[in-house]
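Below: the structure, in structure tokens.
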Protein chains: 2
Amino acid sequence: MKDDDPKLSPAAGRRLSQYLRVLRGDRGAGTVSSESLAKSVGVSAAQVRRDLASLGHLGQRGVGYDVTLLADAIRHTLGIHREWRAVLIGVGNLARALLRYRGFAEQGFHIVGLFDADPAKIGTSLERLSIEPMENLVKRVQDLQAELAILTIPSDAAAAIAETLATAGIRGILNFAPTLIRTPATTTIPIVSVDLAIQIEQLAFQVQARSGARVVE
Amino acid sequence: MKDDDPKLSPAAGRRLSQYLRVLRGDRGAGTVSSESLAKSVGVSAAQVRRDLASLGHLGQRGVGYDVTLLADAIRHTLGIHREWRAVLIGVGNLARALLRYRGFAEQGFHIVGLFDADPAKIGTSLERLSIEPMENLVKRVQDLQAELAILTIPSDAAAAIAETLATAGIRGILNFAPTLIRTPATTTIPIVSVDLAIQIEQLAFQVQARSGARVVE
DNA sequence: CGTTGTGAACTCATTCACAGCT
DNA sequence: AGCTGTGAATGAGTTCACAACG
């Protein structure tokens, strides 16, 4: 087992997620063309073909791509063909929103533990999960067999906690704290940051630039 | 007034937001170097210089960039040197989280109206704002002088509402619905979509690819 | 000196255009 | 005929390396 994927840029990864979303709607239609996928997502047909070709030969010339087959292939290369267990750190409104968000469970992402620093919250329950103190974090991560962590703490403790999580065996972090987490080179694990302020700043930027063109990202 | 910016890629826009975030922390230090900014954000120093040079000549050779001057320049090109008024559509947990999120107000983004389709919620208040029925949307957007809309509705009504918003004079949409909004060519306004499921999928992807390298984006 | 600004080289990503299957 | 896969051409974005300047 050496270099299984040829190559796959991060941008290409995002597009795969988008194709997958479209395919979910097309369940039933036996087959799709690069052209139709392209229109739905807003990229060129050539782009779609290039992306999909990199997953192996799963299109049929003159016909198109088998919907369920393609969806499976994408799920496989994205690594979401299996279940992922995640802990949620910092139980505020955002955490509540994520807990109730159907999209996660549907794609096989399961939140299996809640942690918070606020003593008042410890012991209370949410969606069948009891909120635990931060001290338990390292030990419980192992018990729960969680591989991912979602950080929804308001601010600056993020970096320290990220460090702790890495040593606890967490393999990836989805970070909502508006802090740039500087991973300290040693225990470097993937971090995907969603900074809500940056998103709305980007919107303002696009509006101001009055580029009539639709930009979706 | 013709082509004011020379050019500014969307990726460059995101980086500007990140530099700005770092600068906020460095308030006090009179000056920063491209090198230090680069390290904080995780890009190359040459990249930083290239980005900042496009905003005009505001670095001093041998010295660096004046922190407050630079921050102002970035805010200006991003279009966040002024206030922006936004309405929030769909008042669930996510909306509550956004309302309480300090990052918005700090950057001059003010939520000035709440709307929901659920009759049970109409009339109740949240952070001094009373929740209004969707029927009022078009009329109220004008009164409130809102330019942006934040969509936090759970699902598929998104596309229709986006259409309505565009005709109501909204100039940009921050969309949290996990739907690809297909703007109908006519009334095309900028849409920035934040799809939480896609974010966690990307995380799983990176973890699976076990590319030890930190990817922050 | 130290640090910016920038031409030139280079790498990565996207589009073109068409041969090759079905 | 229709639609994919892909080499070649193009374009965008990034790094190199160094002259220019306080």
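All values derive from a computational prediction rather than experimental measurement. To find a chain, count down the sequence lines: A is the first, B the second, and so on, and within it residues start at 1. Quick note: numbers below take in every heavy atom, side chains included, and nothing from hydrogens, waters or symmetry partners.
The interatomic distance linking Q47(B) (CD) with dC12(C) (P) rounds to 14 Å, in whole Å. Rounded to an integer number of Å, the gap from CG of L16(B) to P of dG13(D) is 13 Å. Atom CG of L8(B) is separated from atom C1' of dG13(D) by 12 Å (rounded to the nearest Å). Atom-to-atom, CZ of R15(A) to P of dT15(C) comes out at 8 Å; the value is rounded to the nearest Å. Distance, D51(A) CG to dT15(C) C1': 13 Å, rounded to whole Å.
When atom types are taken as modelled, the side chain of D26(A) and the backbone of A29(A) share no donor-acceptor pair closer than 3.5 angstrom. Without hydrogens or angle criteria, Q202(B) side chain to G13(A) main chain gives a donor-acceptor distance under 3.5 Å. Distance alone, capped at 3.5 Å, places no donor-acceptor pair between the S193(B) side chain and the L174(B) backbone. Side chain of T31(B) to main chain of Y65(B): a donor-acceptor pair is present (N/O by atom type, distance under 3.5 Å, no hydrogens or angles).
Closest approach of T152(B) and G90(B) over heavy atoms only: OG1-O, 2.5 Å. In this structure, Q208(B) and H76(A) approach most closely via the heavy-atom pair NE2-O, 3.5 Å. Between V91(A) and A95(A) the shortest heavy-atom distance is CA-CB, 3.7 Å.
Using a 4.0 Å cut-off, no side-chain N or O of S9(B) falls inside it from OP1 or OP2 of dA12(D).
One axis for each end of the helix from dC1(C)-dG22(D) to dT22(C)-dA1(D), each built from five base pairs, and the angle between them comes to 10° at 10° resolution.
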With B for base contact, S for sugar-phosphate-only contact and - for none (protein heavy atoms under 4.0 Å), nucleotides 2-9 of chain D reads BBBBSBB-

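Of the residues L114(A), L144(A), L148(A), the one that meets the side-chain contact (heavy atoms from CB on, under 4.5 Å) test with V87(A) is L144(A).
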